[in-house]
**Student:** 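Mind looking over this structure? Questions follow.
All heavy atoms count here, side chains included; hydrogens, waters and symmetry mates do not.
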Amino acid sequence: MIKQDGTPDHVHDPADIDFVEAEDHAFLDALPLHGATNPSTDRQGTSPGSFSNPAEIGGPRMFSSPDTPGMPQPSSLTAWDFLPAGWTIEDHPDGCSGHNKGSERTIRCVAPEGFTPVTQLEHARLGTITDAMRRVAERESHLTPEQVRDEIASGRLIIPANIRHLEYELDPMAIGRASLTKINANMGASPVSSGTDEEVEKLRWAEQWGADTVMDLSTGGDLDQCREAILRNSRVPIGTVPIYSMIIDRKLEELDDKVILETLEHQAEQGVDYFTIHAGLLRSHIPFVKDRLIGIVSRGGSLLAKWMLTHNRENPMYDLWDDICEIMRRFDVSFSIGDGLRPGGLADATDRAQLAELEVIGELTERAWTHGVQVMVEGPGHVPFDQIEYNMKLQRRKCHGAPFYVLGPLVTDIFPGYDHITSCIGATSAGWHGASMLCYVTPKEHLGLPKRDDVKQGCIAYKIAAHAADIALGIPGSRDRDDELTKARAALNWERHFELSFDPDTARALHDEDLDVDTDFCAMCGHDWCSVRISREIQEIASGKDEAYAWESPRISAALTDEQKAILEQRGVLEPSEIHRLASKTKRAMKGETGAKASCHSDTADDKDARLLQKEQADTFVELNTAPAHNISKHDQII
C-alpha cells in the first residue's frame, strides 16, 4: 500500500478504515493507489483514478499494472544493448533519453561512415525525429515526438510503415506499451470463400470500425492481386504471413531457401508493413507438443513443423534469419515474430512448448535489433484468465520490452459463435498487464471465414477491450470521452449521448426501437422509475446540471437512417410496418413536433398518459408507479 505522500504503509489493513467517518486523506490512503495518472484530464467525477503503477515513459514498465507476487520483473536490457557492428554511442544534447545507459545522459549512435538510415529504429538511434514520429505524436496526445523517438530507439515501440506503403495512403501509427492499446483485424480470401473485391470492402469496413492494423491472411484466389489491392487502398499498416504465398502452387516439401527469400522480397517491395515469421519454432520443440490436446494450431507453425520432420532439418526461417533481416531492413518492414506453438485450448496453455519457443523469440528479437529492424512479438492464444498476467510479463522480460501482440486470449473454449466475447475478456486483461496490440477474434472464429458483420463485431469487441485497458492503465485523457458521455447521460441529452458513443447508429436504433422520442426518460425504466431524472431534479445533487449538456425541450427523433433501419431489421424485434414508420415518420409522429414538448414528457403528461404512449411503442413494456411503495408523495418537497 502506498500512502498519498508516497511512502509505504505496511502496518494498517485498508479494510479497517471507516469509509463513512474517515477524512479525505485517510480515505485515499486506504485505496490501492500506486501513483498512476488519473485517466480523466480534468479529474472529473469522484473516482480516485487508476490503481495502476505510475507512468514510466522511458523506462521498462511504461504504463503497467501492479505485479501480483511472483511475476517476472522487466528486463534490464533494451535495443541499445544490441547495436549493429561498428556502431558506437555518444553523448549529445539532442540525443535520446529513456535508455539504460545512465539516467542523466542523452545519447545517440554514431554509425559507420557512409551509412544511410532507412528504418525508424535506425533514425531513432541516430537521434533523428522523422515525419512518421511527429505524426504518431499528433495521434498520441500524451506523447511528445522526442518520447516517440526514444521509445523506438529502446525497442519498446514500433512504427510499422514500409517505405513503399508510405507512398500510398498509409497514416503512420505506433505499437508499444507507451502508446494507446491498438487492435488488429484479420481478413483474407480462402480457397472456398471471398475474393479481392470483398476483401477490399472488408478492409474499409474494418478501418471504419477502428482497426489500427489489418492482416491479409489470404490462402486462396489471386493472393498477389488481393494484397496489392489492399495495400493501395489502406490507411492502416498491413501485415501478412508470407509462408502462405510460399506454398501456393507447390508442395510444402518443395519449399526452399530461394523461394522463401524471393517471396519476402516481393512482398516487401509491394509495401507490406510487417511480416509474421514463425522462426522461433525449432525441431527440438516438436516433442513437447506430442501430448497436447490439440497439437499445433498455428497454420505457419504446423506447416514448418511438417517441413522440418520431412527434411530432417532445422526451421529454415530460423536458419535464414539474418538474410531475412537484411531484406526487411531495406524496406523498413517490421517483424511480428510468430508464435507457432501458441496454445489452441486452455489445457495446453503456458506449457513447455510455448515457453521454449518464447525463449528463442527473445534471441531472435536481439538479432533483429542488431540489423536495425523493428520488432514486435506475437503471443497466445487460449489462456486461462489466471495465467494471463504471467504470460504478458514473461514476454516483457524475455523480449526486453518489445511490443507484445496477442490473439485474444480466449479464456474459455465452450462458446463457439461467441468467441469475440470470450476473447475480448482475456484481451482486456492482456492489455492491462502489458500487451500493446490485440488481434481481434470474430464470432466466426473456429467456424469459418468472417463476413462483413463479423468484422464489425470483432472490431467493436476489441475496441472495448483496448479502451478499457487504457483507462485502467491511467493513460492521460483516456477517460475523457467517457466522462462527457456520462454527463450527457446524466442530463438525459440523448442527441449528445449518441454523438459521443462509439456506434451512434446502433445506440440510436436500439433507443428508438422502444421509444422514438428524446425525452426525460427511456423505455428501460420509464417515467416513474427513472433514477437519472430523479437525481437531476434533486437540487443537492450536481448530476445532470452541466449547462453544456442542457436541452430545452423533448423532441421526436429523426427518421431512421438506412444504417439504423438495417440494424432493426436484422434484430427482428419490430414488425416491418413499424420499422417503416420509424424510417419514414413525419414531424408529427408521437403527437408532438420537433422543438415542442412531446406528449409523453413528464411536464405535459400525467403518469397514465406517459405510460400509455410508451406502451404503444413496446407492447411488452410494463410501467409501475413506485412512489407509494417508497412512501414518496407525488409532490415531494425534496424532488
**Student:** What do the steps show when you test R232 against Q270 for side-chain hydrogen bond (donor to acceptor under 3.5 Å, both in side chains), and what is the final call?
**Tutor:** CA-CA 9 Å; R232 289 185 176 273; Q270 282 186 299; over 6 Å; no

**Student:** Apply side-chain hydrogen bond (donor to acceptor under 3.5 Å, both in side chains) to residues T68 and Y390 and explain how you reach the verdict.
**Tutor:** CA-CA 9 Å; T68 298; Y390 177 78; over 6 Å; no

**Student:** Using a 6.0 Å cut-off, check whether atom CZ of R43 has over 12 heavy atoms from anything other than its own residue.
**Tutor:**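 No, because the 6.0 Å sphere around CZ of R43 holds 12 heavy atoms or fewer from other groups.
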
**Student:** Among E378, R342, H382, find the residue that satisfies the side-chain contact (heavy atoms from CB on, under 4.5 Å) test when tested with L407.
**Tutor:** R342

**Student:** Closer than 3.5 angstrom, by distance alone: can the side chain of Q354 be matched with the main-chain N or O of D339 as a donor-acceptor pair?
**Tutor:**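 Pair absent, no side-chain N/O of Q354 close to backbone of D339.
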
**Student:** Once you measure the plane-to-plane angle for F82 and W369, does it fall in the parallel (<30°), tilted (30-60°) or perpendicular (>60°) bin?
**Tutor:** tilted

**Student:** So Q120 and T130, side-chain hydrogen bond (donor to acceptor under 3.5 Å, both in side chains) or not? Walk me through it.
**Tutor:** CA-CA 8 Å; Q120 297 294 326; T130 64; 2.8 Å; yes

**Student:** Could you tell me whether the side chains of Q267 and S245 share a donor-acceptor contact shorter than 3.5 Å?
**Tutor:**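 Yes, because at least one side-chain N or O of Q267 sits under 3.5 Å from a partner of the opposite role on S245.
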
**Student:** What's the verdict on side chain to side chain contact (heavy atoms under 4.5 Å, CB included) for D257 and D323, showing C-alpha distance, side-chain angles and the deciding distance?
**Tutor:** CA-CA 10 Å; D257 295 358; D323 298 308; over 6 Å; no

**Student:** With side chains defined as the heavy atoms from C-beta onward, is the minimum distance between M62 and L473 less than 4.5 Å?
**Tutor:**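 No; the side chains remain at least 4.5 Å from each other.
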
**Student:** Is there a side-chain contact between S234 and H165, using heavy atoms and a 4.5 Å cut-off?
**Tutor:**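 Yes - at least one pair of side-chain heavy atoms lies under 4.5 Å apart.
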
**Student:** Given D81, which partner from the list H400, K101, H99 fulfils the side-chain hydrogen bond (donor to acceptor under 3.5 Å, both in side chains) test?
**Tutor:** K101

**Student:** Considering non-hydrogen atoms only, spot the tightest contact between G155 and P403 and give its length.
**Tutor:** O-CD, 3.5 Å

**Student:** Check D67 with R61, please: is the shortest side-chain N to carboxylate O separation under 4.0 Å?
**Tutor:** yes

**Student:** Could you grab the distance from atom OG1 of T263 to atom NE2 of H266, nearest 0.5 Å is fine?
**Tutor:** 8.5 Å

**Student:** Between A430 and G408, what is the shortest heavy-atom contact and its length?
**Tutor:**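 What the structure gives for the nearest pair is CB-O, 4.3 Å.
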
**Student:** Hey, mind stepping through D348 and V297 against side chain to side chain contact (heavy atoms under 4.5 Å, CB included) and telling me if it holds?
**Tutor:** CA-CA 11 Å; D348 299 329; V297 297; over 6 Å; no

**Student:** Can you list the steps and then say if F331 with R164 is a side chain to side chain contact (heavy atoms under 4.5 Å, CB included)?
**Tutor:** CA-CA 7 Å; F331 299 92; R164 295 286 186 265; 3.8 Å; yes

**Student:** Keeping the roles fixed (side chain from R139, backbone from P172), state whether a donor-acceptor pair exists under 3.5 Å.
**Tutor:** yes

**Student:** Give a yes or no on whether R235 atom CZ has more than 12 heavy-atom contacts from other residues, nucleotides or ligands under 6.0 Å away.
**Tutor:** no

**Student:** I would like to know whether H278 and M317 meet side chain to side chain contact (heavy atoms under 4.5 Å, CB included); could you show each step before the answer?
**Tutor:** CA-CA 7 Å; H278 298 92; M317 304 299 178; 5.7 Å; no

**Student:** Any ion pair linking E138 and R135 (charged N to carboxylate O, less than 4.0 Å)?
**Tutor:**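 The answer is yes: the pair qualifies as a salt bridge.
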
**Student:** Using 0.5 Å steps for rounding, measure from the NE2 atom of H433 to the OG1 atom of T428.
**Tutor:** 10.5 Å

**Student:** Would you say NZ of K398 has more than 12 non-hydrogen atoms from neighbouring residues, nucleotides or ligands within 6.0 angstrom?
**Tutor:** no

**Student:** If only atom types and distance count, is the side chain of D332 paired as donor or acceptor with the main-chain N or O of I163 below 3.5 Å?
**Tutor:**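 Checking the backbone N and O of I163 against the side chain of D332, no donor-acceptor pair under 3.5 Å is found.
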
**Student:** How far does CH2 of W205 sit from CD of E199, to the nearest 0.5 angstrom?
**Tutor:**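 One gets 15.0 Å once the value is rounded to the nearest 0.5 Å.
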
**Student:** Measuring only between side-chain heavy atoms, which start at C-beta, is L83 closer than 4.5 Å to C109?
**Tutor:** yes

**Student:** Is F385 atom CZ crowded by more than 12 heavy atoms from other residues, nucleotides or ligands, each under 6.0 Å away?
**Tutor:** no

**Student:** Within this structure, what is the CG-CG distance for the pair L157 and L143, rounded to the nearest 0.5 Å?
**Tutor:**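 Reported value, rounded in 0.5 Å steps: 7.5 Å.
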
**Student:** Are the charged groups of R149 and D131 less than 4.0 angstrom apart, N to O?
**Tutor:** no

**Student:** Is D273 reaching over with its side chain to a backbone N or O of I238, donor-acceptor style, under 3.5 angstrom?
**Tutor:**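 Yes: the side chain of D273 pairs with the backbone of I238.
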
**Student:** Is the closest side-chain heavy-atom distance between L203 and E207 below 4.5 Å?
**Tutor:** yes

**Student:** As a quick check of understanding, evaluate ring-ring contact (aromatic ring centres under 6.0 Å, His included) for F63 and H142, giving each step before the final call.
**Tutor:** CA-CA 12 Å; F63 291 104; H142 64 286; 5.7 Å; yes

**Student:** ring-ring contact (aromatic ring centres under 6.0 Å, His included) with F335: which of Y274, Y405, W321?
**Tutor:** W321

**Student:** Do the side chain of T128 and the main chain of A124 share a donor and acceptor less than 3.5 angstrom apart?
**Tutor:** no

**Student:** Can K182 and E140 be counted as an ion pair, charged N to O under 4.0 angstrom?
**Tutor:** yes

**Student:** For a 4.5 angstrom cut-off between non-hydrogen side-chain atoms, does H467 reach R481?
**Tutor:** no

**Student:** Measure from the side-chain N and O atoms of N162 to the backbone N and O of A268, and report whether any donor-acceptor pair falls under 3.5 Å.
**Tutor:** yes

**Student:** Under 3.5 Å, side chain of D470 to main-chain N/O of L180, donor-acceptor pair present?
**Tutor:**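 No, D470 side chain to L180 backbone: no donor-acceptor pair under 3.5 Å.
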
**Student:** Looking at F51 versus W432, is the centre-to-centre ring distance below 6.0 Å?
**Tutor:**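 Ring-ring flag for F51/W432: false, centres at least 6.0 Å apart.
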
**Student:** Within the 4.5 Å heavy-atom criterion, are C96 and W80 side-chain neighbours or not?
**Tutor:**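 Contact flag for C96/W80 side chains = yes.
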
**Student:** Would a 4.5 Å heavy-atom cut-off, applied to side chains only, mark S40 and D480 as touching?
**Tutor:**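 In contact.
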
**Student:** Output yes when a side-chain donor or acceptor of S50 lies under 3.5 Å from a complementary backbone atom of A472, and no otherwise.
**Tutor:**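 Yes, S50 side chain to A472 backbone: donor-acceptor pair under 3.5 Å.
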
**Student:** Kindly indicate whether the side chain of T240, heavy atoms from C-beta on, has any atom under 4.5 Å from the side chain of T276.
**Tutor:** no

**Student:** Under the side-chain hydrogen bond (donor to acceptor under 3.5 Å, both in side chains) criterion, do E445 and H420 qualify, and how do the steps go?
**Tutor:** CA-CA 8 Å; E445 185 75 11; H420 59 309; over 6 Å; no

**Student:** Would you please classify the geometry between the H285 ring and the F288 ring as parallel, tilted or perpendicular, with 30° and 60° separating the classes?
**Tutor:**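 Ring orientation of F288 relative to H285: parallel.
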
**Student:** Which heavy atom of Q147 sits nearest a heavy atom of I57, and at what distance?
**Tutor:** NE2-CG2, 3.8 Å

**Student:** Do R367 and Y318 meet the cation-pi criteria used here (NZ or CZ under 6.0 Å from the six-membered ring centre, within 45° of the axis)?
**Tutor:** yes

**Student:** If you measure from CG on D171 to CG on D212, what distance do you get to the nearest 0.5 Å?
**Tutor:**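 Taking CG in D171 and CG in D212, the distance rounds to 10.5 Å.
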
**Student:** Under the 3.5 angstrom rule, does the side chain of Y440 hit a backbone N or O of N186 as a donor-acceptor pair?
**Tutor:**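 Yes.
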
**Student:** For the atom pair CD (E326) and CZ (R329), what is the distance rounded to the nearest 0.5 Å?
**Tutor:**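 Taking CD in E326 and CZ in R329, the distance rounds to 6.5 Å.
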
**Student:** Above 12 or not: heavy atoms from other molecules or residues under 6.0 Å from CZ of R105?
**Tutor:**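 It does: R105 CZ has more than 12 such atoms within range.
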
**Student:** Between Q387 and P384, is there a donor-acceptor pair closer than 3.5 Å when you use the side chain of the first and the backbone of the second?
**Tutor:** no

